[in-house]
Amino acid sequence: MPRLFDTQSSEIVEIAPRVEGQFSMYVCGPTVYDEPHLGHGRFTLVYDILRRYLRYRGFEVRFVSNITDVDDKIIARAGELQIKPEDLAKNYEEVWWDLMERLAVQRPDETPHATDWIDQMLEMVAEMVASGAAYETSDGIYLEVARVDGYGLLARQNLAELRSGARVEIDEQKKSPLDFALWKRTSEEEWGWNSPFGFGRPGWHTECVAMALGILGEGFDLHGGGMDLAFPHHENERAQAVAMHRSFARHWMHNGFVMVGEEKMSKSLGNFTTLKELLDSTDPRAYRLLVARSHYRSPLEVTAEILQDASRSLERIDAFARRFADVVTQRSDVAPNKVVIDGFNDAMDEDLNSPVGLARVFEAITKANFAQDRGHVEEAVSNAKAALLLLSTLGIVVQDRLEVPEEVMVLAKQRKAARADRDFAAADRYRDEILRLGYVVEDSDSGFRFKRA
RNA sequence: GGCGGCGUGGCCGAAUGGUUCGGCAGAGGCCUGCAAAGCCUUGCAAAGCGGUUCGAUUCCGCUCGCCGCCUCCA
């Protein structure tokens, strides 16, 4: 059974799902008001890898990730641009899915939108008001944090310490600065919904509770997001569930930040690189490799040099894939090497240790090459198959074959003939021509293959 | 102020109480007509100071440096 670090207990524990063999996970998705940056790319890759891994391990995974399409920032941005907030959200949601596709992040099974869950949120608010956990002020409905058992669990702080450190703006009407809005009352000119609590819109923390419980049900298996969501967002989600006496996530998972130098990359610091910039300039697989080769809870530095490093590493993977593309399909009788698979699984089972998992993959690549060099085909193929299987489990799509223009193919054949005649001068001329067309020919046991120059 | 975490070879990233590991880059060699790809060999890593121990990079303490959360944030 895989184990994961649980933010709630601060230790690595078995994930032991609610229903054997099934795994339900909810990950906080984007607020669609602007271009996603590298941090968004990291978290989506981390949970994509988790999802792929659990599936590969035989779990039936149900993965829900929301789109926050109503929010103060969306409204503010839309106001600046003089467009409707709905249109802004729609536009950036399209941007989001486009980028996810480029990153080869598989679509969640369900992608609920906050605006489709307003009724459910209002029911929840009514329930919390009725039970006395929530109270009304002139501008909305607030949850009284002091009435929630164990508030501060995810922040690893007790209520008194949180309160003393609170930097939230003072609101005379709130019983505590930590109390948070469930429903924000607004004027009717603004974007909003009619409700028993007056015209307005939901608070941020409420939507995820409604959607997670509404889709996955009580006691779902895992709730994840970036570390900065642990507090207050996830804390406040949990608080609402507690206030309603519903069991919430069994397990909390938080990934580390993308760093810029010694600082966290973030919108507010303005030190971000957008995902689009990255993907326009780098093989998206290089970023995935980078994410996978550091532990998901560690900070991750991304620079041009580090990306270059990952790209070169990727070249090694592709070269390996090219070398084994044919023989692997020919030898359907050979199974992936079990020692390699087990080593990978052991690493991934222990808090999703993909760096060690990748190390096992690279070792298998070396063994496959070593064996192939010596003509030990079965050993080579078993290692190669294991490596290829594990790479796909990490979502790394290998480029094992390159389609070349007919012209290049003809030149390569001519070169092959020239070499057979031991006319090396001619062979080299053909190779130069191929290079001029943007390809490198490599000799192989069976003839030749190509890579991009 | 409270809480959590980090400091590993030229670079990035892991594991680990004793022999460590992966990638990238470097050096030498093998293979190749020459390349490419590949393989092999190679480099006295643990911020500092103490302590525990037969033995510490790994455990404990202190010092220094850095980061994150406590506000919107992946």
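Naming: A, B, ... by sequence-line order, numbering from 1 per chain. Since this is a predicted model, take the numbers as computed values, not measurements.
- Here the side chain of A:Lys264 is nearest to one of B:C34, B:C3, B:A74, namely B:A74.
- Nearest to the side-chain atoms of A:Arg374 among the listed nucleotides B:G33, B:C12, B:C39 stands B:C39.
- Taking the ring axis of A:Phe320 as reference, the NZ or CZ atom of A:Arg316 does not stay both within 45° of it and closer than 6.0 Å to the ring centre.
- Comparing atom distances between the A:Asp373 side chain and each of B:C39, B:C34, B:G68 picks out B:C39 as nearest.
- Contacts of A:Phe231 with the nucleic acid, taken as non-hydrogen atoms under 4.0 Å apart, involve only primed sugar atoms and P, OP1 or OP2.
- Atom CD of A:Glu407 has 12 or fewer heavy atoms from other residues, nucleotides or ligands within 6.0 Å.
- Nucleic acid contact for A:Pro30: none, since no nucleic acid atom lies under 4.0 Å from a heavy atom of the residue.
- The base of B:G68 is not paired with the side chain of A:Asp228 by any donor and acceptor separated by under 3.5 Å.
- For B:C34, the base has a donor-acceptor partner in the side chain of A:Arg431 [N/O atoms by modelled type, under 3.5 angstrom].
- Within the 4.0 Å cut-off from OP1 or OP2 of B:C39, not a single side-chain nitrogen or oxygen of A:Lys367 is found.
- In this structure, A:Pro355 and A:Leu229 both approach RNA chain B, and ranking their closest nucleotides by distance from the 5' end singles out A:Pro355.
- Relative to the side chain of A:Asn369, the nucleotides B:G38, B:G4, B:C67 differ in distance, and B:G38 lies closest.
- A salt bridge links A:Lys184 to A:Asp72: one of the charged nitrogens lies within less than 4.0 Å of a carboxylate oxygen.
- Side chain of A:Ile306, nearest nucleotide from B:C12, B:A14, B:C39: B:C12.
- The base of B:A37 is not paired with the side chain of A:Arg449 by any donor and acceptor separated by under 3.5 Å.
- Of the candidate nucleotides B:G2, B:G38, B:U71, B:G2 has the atom lying nearest to any side-chain atom of A:Gln157.
- Electrostatic pairing of A:Glu14 and A:Arg3 does not count as a salt bridge here, judged by no charged N lying under 4.0 Å from a carboxylate O.
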When you compare the protein's N or O atoms with those of nucleotides 25-32 of chain B, which come within less than 3.5 Å of each other, and at what distance?
none

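- In the set B:A36, B:G33, B:G38, the nucleotide with an atom closest to the side chain of A:Ala319 is B:G38.
- If you check B:G22, B:G2, B:C12 against the side chain of A:Arg293, the one that comes closest is B:C12.
- Nucleotides B:U16 and B:C6 place their P atoms 13 Å apart, quoted to the nearest Å.
- Here B:A74 is the nucleotide among B:A74, B:G23, B:C3 with the atom lying nearest to any side-chain atom of A:His37.
- The backbone N or O of A:Ser266 sits less than 3.5 Å from a side-chain atom of A:Asn271, completing a donor-acceptor pair.
- Stacking between A:Phe424 and B:G33 is shown: the ring centroid lies under 5.5 Å from the centre of the six-membered base ring, and the planes differ by under 30°.
- When rounded to the nearest whole Å, the span between CZ of A:Phe344 and C1' of B:G22 equals 14 Å.
- Looking at the side chain of A:Arg415, the nearest of the listed nucleotides B:C67, B:G33, B:C11 is B:G33.
- Ranked by how close their nearest RNA chain B nucleotide is to the 5' end, A:Lys451 and A:Glu301 are led by A:Glu301.
- Regarding A:Ile317, its CD1 atom lies at a distance of 15 Å from the C1' atom of B:A37, rounded to whole Å.
- The shortest distance between the side-chain N/O atoms of A:Asn353 and the OP1/OP2 oxygens of B:A15 is below 4.0 Å.
- Atom CZ of A:Arg297 and atom P of B:A14 are 11 Å apart (whole Å).
- When both pairing distances are held under 3.5 Å, B:A25 makes no Watson-Crick or G-U pair with any nucleotide shown.
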